[in-house]
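Each chain gets a letter, A, B and so on, in the order the sequences are listed, and its residues count up from 1.
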Protein chains: 2
Amino acid sequence: MPNQNGTGPRWMHGQIKCCGYRMTKPREAILDVLANTQNHLSAEDIYMAVHKFYPNIGLTTVYRNLEVLVNIGMVVKFEFGEGKSKYELSDEYSSKGHHHHLVCKECYTVIDYSDFMKDEVSFLKSTENGLSEKYKFNITDHLIQFFGVCEKCTNK
Amino acid sequence: MPNQNGTGPRWMHGQIKCCGYRMTKPREAILDVLANTQNHLSAEDIYMAVHKFYPNIGLTTVYRNLEVLVNIGMVVKFEFGEGKSKYELSDEYSSKGHHHHLVCKECYTVIDYSDFMKDEVSFLKSTENGLSEKYKFNITDHLIQFFGVCEKCTNK
DNA sequence: CTCCTATTGGTAATGGTTGTCATTATCAAT
DNA sequence: ATTGATAATGACAACCATTACCAATAGGAG
């Protein structure tokens, strides 16, 4: 597992350089923020967190870099129905590992779960193969989310 | 199956009235549009279709009614990553029946599939039960989408 | 038919995200 | 270490889907 505390070796440089991108302060700061949270952050959340250390990094830059990081597969972008996108480090760069999401439709709290993964993975794999073949689709991703009302919102 | 051609009996009145809403021209027109397409329409798509017959129905009204219809469960709202929501009649009002989506990340073409449903449904049911209990979530919905590149975009 | 009130339509505002462009910083080659 | 090509940045404006607002209208129970 790569070192993820912003002051140590630059664990993320390799992937970035490999893809023909330069390693810059904003890029590093954004990855650090994502590596040091358990939450699902919006572009603005990330902007504010980065802003504390580098007050002159702009929101536009955050958006641009998130797009790059999504493209090279280091970050994943999600929509939970809140009207803004949320971002996470992708599985191979995160300490969370592969997981899916359980989303509260009222407060938009998101729970990561990795229970039931054995069943899910084999099920998804076979479905994916079937669909790829039948519809001539080159399938690269899947999205599974469960929606409901969390305990707190139920008792409100 | 309800009659879905705009000139016949008003198949949708019951559900609307039941929920305390009035049946209005725009409401009816929107449902007719959704009932007579195989595609996944955006609010603006629906607005334009409705506009041909009722040029004075505004986009705002379309949005408001879609919200109502989603709330009473006649319509389902989806995000495919295109930056705008798409709408479909829900399973029990649609001739499509229960299905999931296969989305092209490049052209945003959406294929409805209902293969593999037996496996999916049983898998989802058990996962849902497990998650509900473990996380004290009142689960009401799920979302499964596969993403990839369609045949046309692959050869481009 | 009447009245209450849900609904409408037009327009302005909102808010997340993207485009523009002059300036700056990265890094491979020297 | 210096240079030079160009990727990346930052500030601001533009964009676009969606929502808020409000006076005018229309559904439908009584």
Novice: Where do B:D91 and B:K96 land on the salt bridge (Lys or Arg N to Asp or Glu O under 4.0 Å) test, with the steps shown first?
Specialist: CA-CA 7 Å; B:D91 291 349; B:K96 283 186 187 175; over 6 Å; no
Novice: Is the side chain of B:T37 donor-acceptor paired with the backbone N or O of B:L34 at a distance under 3.5 Å, no angle test?
Specialist: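 No: the side chain of B:T37 does not pair with the backbone of B:L34.
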Novice: Any side-chain N or O of A:Y63 less than 4.0 Å from the OP1 or OP2 oxygen of C:dT17?
Specialist: yes
Novice: With respect to B:I30, which candidate in B:I46, B:L41, B:I57, B:T24 satisfies the side chain to side chain contact (heavy atoms under 4.5 Å, CB included) definition?
Specialist: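 The residue from B:I46, B:L41, B:I57, B:T24 that satisfies side chain to side chain contact (heavy atoms under 4.5 Å, CB included) with B:I30 turns out to be B:I46.
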Novice: Using a heavy-atom cut-off of 4.0 Å across all strands, would you classify A:T24 as base, sugar-phosphate, or nothing?
Specialist: sugar-phosphate
Novice: Is there a donor-acceptor pair under 3.5 Å between the side chain of A:T127 and the backbone N or O of A:F123?
Specialist: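 Side chain of A:T127 to backbone of A:F123, a donor-acceptor pair under 3.5 Å: yes, one is there.
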Novice: Within the 4.0 Å heavy-atom criterion, would you say B:S85 contacts the bases, only the backbone, or no part of the nucleic acid?
Specialist: sugar-phosphate
Novice: Which two nucleotides bound the region of DNA chain D that has atoms under 4.0 Å from heavy atoms of chain A, read 5' to 3'?
Specialist: D:dA5 to D:dC12
Novice: Sequence neighbours left out, cut at 3.5 Å: what donor-acceptor pairs do the side chains of residues 71-84 of chain B make with other protein atoms?
Specialist:
from  : atom 1 : to    : atom 2 : distance (Å)
B:N71 : ND2    : B:E67 : O      : 3.4
B:E79 : OE2    : B:S85 : OG     : 3.1
B:E82 : OE1    : B:K86 : NZ     : 3.1

Novice: 5'-most contact on DNA chain C: A:R64 or B:R27, nearest heavy atom basis?
Specialist: B:R27
Novice: Counting only side-chain heavy atoms from C-beta out, which of C:dT11, C:dA28, C:dT17 sits nearest to A:K17?
Specialist: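 The answer is C:dA28, which lies nearest to the side chain.
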Novice: Between C:dG19, C:dT8, C:dG16, which one does the side chain of A:T60 approach most closely?
Specialist: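 Comparing C:dG19, C:dT8, C:dG16 against the side chain of A:T60, the answer is C:dG19.
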Novice: OP1 or OP2 of C:dT8 sitting under 4.0 Å from any side-chain N/O of B:N65?
Specialist: yes
Novice: In this structure, would A:Y108 and A:I144 fall into the same cluster of hydrophobic residues linked by side-chain contacts under 4.5 Å?
Specialist: no
